Amino acid sequence: MPKFKFEITNHVDDTRIIEVSANTRVQAVNLLNAMYSKNMGYDYTYIENENN
């Protein structure tokens, strides 16, 4: 299963990199929405993977 990297920033500008295993990038984003809701102040950016 491919891994997709995202940079996640919360409302206090705490930034980290997270890898999500999913079949597609859309599925990975849906998983992120479940774990890190934008309503709770999280924002994330997809980081292009060299393998994908």
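Just so we're clear, the structure is a prediction, and the values are computed from it rather than from any experiment.
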Separation between OH (Y44) and CD (E7), nearest 0.5 Å, reads 14.0 Å
What's the separation between atom CG in N30 and atom OG1 in T24, rounded to the nearest 0.5 Å? 7.5 Å
Heavy-atom closest pair (F6 atom, I47 atom, distance to 0.1 Å) is C-CD1, 4.0 Å
Minimum-distance pair of heavy atoms, taken over all atoms of A28 and A22: N-CB, 3.6 Å
Start with the C-alpha distance between M1 and N23, add both sets of side-chain angles, then the distance that settles side-chain contact (heavy atoms from CB on, under 4.5 Å), and finish with yes or no. CA-CA 6 Å; M1 188 174 293; N23 291 322; 3.8 Å; yes
Parallel, tilted or perpendicular for Y42 and Y36, by the 30°/60° rule? perpendicular
Counting C-beta onward and ignoring hydrogens, is there a side-chain heavy-atom pair between F4 and E19 closer than 4.5 Å? no
Report yes if the side chains of T45 and T9 come closer than 4.5 Å at any heavy-atom pair, otherwise no. no
I8 vs I17, test: side-chain contact (heavy atoms from CB on, under 4.5 Å). Steps then yes/no. CA-CA 6 Å; I8 296 181; I17 304 293; over 6 Å; no
Grouping I, L, V, M, F, W and Y whenever their side-chain heavy atoms are under 4.5 Å apart, do L32 and M40 come out in a common cluster? yes
V20/K3 under side-chain contact (heavy atoms from CB on, under 4.5 Å): CA gap, chis, key distance, verdict: CA-CA 5 Å; V20 178; K3 291 186 179 186; over 6 Å; no
